[in-house]
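Below: the structure, in structure tokens.
When a ligand or atom number is given, it counts from 1 through the structure's own listing order.
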Amino acid sequence: MTAVTAVTAAPAVAALTDGYGRRARDLRLSLTDRCSLRCSYCLPAEGVTWLKRSQLLRADEIVRLAGILVGQGIERVRLTGGEPLVRADVVDIVAGLAALTPRPELALTTNGVALARLAGPLAAAGLQRVNISLDTVDRGRYRAVTRRDRLGDVLAGIDAAVAAGLRPVKLNAVLLRGVNDADAATLLDFAVARGCELRFIEQMPLGAAGGWSRAALVTASEVLSLLGRDHELTPLPDRGAAPAARWLVDGGPAAVGVIAAVTEPFCADCERLRLTADGQLRTCLFAGTETDLRTPLRAGADDARLAELMVAAVRAKPAGHGIGRPEFCPPARPMSAIGG
Ligand code: SAM
């Protein structure tokens, strides 16, 4: 393994505040566009054009850009992808991020396939929290949704994450009508039994072309009425800028979250920025534009210049994603290439 040296955070040029007064505190850092699964709502079965290795940021480049963003006010960094655990240097990257000053909160979103092997090393390197995607606990339906027979590995990964003390362990589920929507209650029972928090994410128009329709969407309110058949749900206040609205399950302490990104957008409170695996800064999952940081980085730009580019990108952040508006246009890249 190669060591990744943390840089000292750059002096703040200006806070990362956009034209609507929202301050960016949360960075989604994509390590790769590649994935070990082919979830039907995220990637086509075949024919994806992957980024070339030379296009991907190296570990030292990732840590440097993250360090500059942390110096500008980013407080939380979540590693994602693609599947972040397919990167051989993921533990080194976590260690590099954990050595930043100030130290950001470090989280990971993963499909869990490789987590049984990596949960311990990641926790030792400084990872604090993990979200694991799990759309069903039925092996056949898992294979149907993800196009891979890896449920056993994922369940072992969830146990390993809990054992490694990566708390809270959250489970992310996307429900697809007629495929796994009948699994909502079983998923909740599974999560509660393991002390994990389940979060349902409304399917967004980001997957394979033609794979999304508003009419077929399993909405947040539908999810709540499915869960409400077997459980008493009590809304929790103080959501702040978090994407998930949360409910106590049967009086608690277990809770369940729902991310209603389509039917109840929370853009007005958005604190997120995204850095793609090829070094493009995005201010919204659905943004039509990106700010190229990789080219100036590799051309020798200093931290102050890179910070200026980041600040300018954030100033131009759009008010909202606009799903449902006539002029809405899904991003040219799939979710795997943007970083979920
Ligand atoms: N590979 C990792 C994983 O599976 O968690 C990280 C990347 S994945 C893109 C991050 C999250 O985005 C997953 O929980 C996945 O279910 C969710 N996701 C992907 N495509 C989506 C879509 N079209 N709508 C809603 N959520 C989606």
Side-chain angles (χ1 to χ4, degrees), residues 26 28-44 48 50 77-87 90 107-115 118-119 122 127 129-136 141-142 145-148 150-151 153-154 157-158 161 166 169-177 179-181 183 187 191 196-214 216-220 223 243-244 257-266 272 274-277 282 285-286 321 323 328 330-331 333-340:
D26 204 327
R28 303 287 162 103
L29 196 53
S30 176
L31 300 189
T32 176
D33 57 333
R34 292 179 191 246
C35 191
S36 40
L37 302 179
R38 293 287 180 278
C39 300
S40 61
Y41 52 79
C42 188
L43 278 168
V48 187
W50 305 108
V77 176
R78 174 174 293 279
L79 304 183
T80 184
E83 172 48 42
L85 301 190
V86 304
R87 247 188 104 134
V90 62
L108 168 79
T109 300
T110 172
N111 61 29
V113 166
L115 204 51
L118 286 168
L122 286 167
L127 187 72
R129 298 156 24 150
V130 68
N131 285 28
I132 303 167
S133 298
L134 183 71
D135 299 325
T136 172
R141 285 196 288 282
Y142 186 88
V145 172
T146 65
R147 304 188 179 107
R148 298 289 187 273
R150 304 301 296 269
L151 179 64
D153 296 320
V154 178
I158 293 170
L166 292 169
V169 173
K170 293 186 181 169
L171 304 180
N172 288 354
V174 176
L175 294 182
L176 307 176
R177 193 172 301 286
V179 180
N180 66 335
D181 48 345
D183 291 328
L187 276 168
C196 301
E197 183 167 323
L198 179 64
R199 295 141 48 99
F200 290 96
I201 309 174
E202 281 183 342
Q203 188 192 358
M204 295 178 277
L206 283 160
W212 187 88
S213 102
R214 178 71 179 76
L217 181 70
V218 181
T219 63
V223 171
V258 181
I259 302 183
V262 177
T263 59
E264 292 164 50
F266 34 85
R272 277 168 292 286
R274 288 182 152 78
L275 183 63
T276 66
R282 295 179 67 92
L285 197 47
F286 296 92
H321 61 48
I323 298 174
F328 175 74
R333 297 191 194 225
M335 176 76 133
S336 57
I338 296 172

* Asked: Asp135 and Asn172: which non-hydrogen atoms are nearest, and at how many Å?
  ->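 Asp135 and Asn172 have their closest heavy atoms at OD1-O, 3.8 Å.
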* With the threshold set at 4.0 Å, does a side-chain nitrogen-carboxylate oxygen contact exist between Arg141 and Asp183? ->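 So Arg141 pairs with Asp183 through a salt bridge.
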* Is it true that a side-chain atom of Glu197 and a backbone atom of Lys170 form a donor plus acceptor pair closer than 3.5 Å? ->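 Answer holds: no.
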* Asked: Between Thr109 and Arg78, does any side-chain donor sit less than 3.5 Å from a side-chain acceptor?
  ->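 Present: a donor and an acceptor within the cut-off.
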* **No-hydrogen, no-angle side-chain donor-acceptor test under 3.5 Å, Glu83 and Thr110** =>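 Present: a donor and an acceptor within the cut-off.
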If you look at each N/O of ligand 1, which protein N/O atoms lie under 3.5 Å away, and at what distance?
unit_1: ligand 1; atom_1: 1 (N); unit_2: Gly82; atom_2: O; d: 2.8
unit_1: ligand 1; atom_1: 1 (N); unit_2: Glu83; atom_2: OE1; d: 3.0
unit_1: ligand 1; atom_1: 4 (O); unit_2: Ser133; atom_2: OG; d: 3.2
unit_1: ligand 1; atom_1: 5 (O); unit_2: Thr110; atom_2: O; d: 3.3
unit_1: ligand 1; atom_1: 5 (O); unit_2: Ser133; atom_2: OG; d: 2.6
unit_1: ligand 1; atom_1: 14 (O); unit_2: Ser133; atom_2: OG; d: 2.8
unit_1: ligand 1; atom_1: 14 (O); unit_2: Asn172; atom_2: ND2; d: 3.3
unit_1: ligand 1; atom_1: 16 (O); unit_2: Tyr41; atom_2: OH; d: 3.1
unit_1: ligand 1; atom_1: 23 (N); unit_2: Tyr41; atom_2: O; d: 3.0
unit_1: ligand 1; atom_1: 23 (N); unit_2: Met204; atom_2: O; d: 2.9
unit_1: ligand 1; atom_1: 24 (N); unit_2: Met204; atom_2: N; d: 2.8

* Roughly how far, to the nearest 0.5 Å, is the CG atom of Leu175 from the OH atom of Tyr41? ->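 Reported to 0.5 Å precision, the distance equals 9.5 Å.
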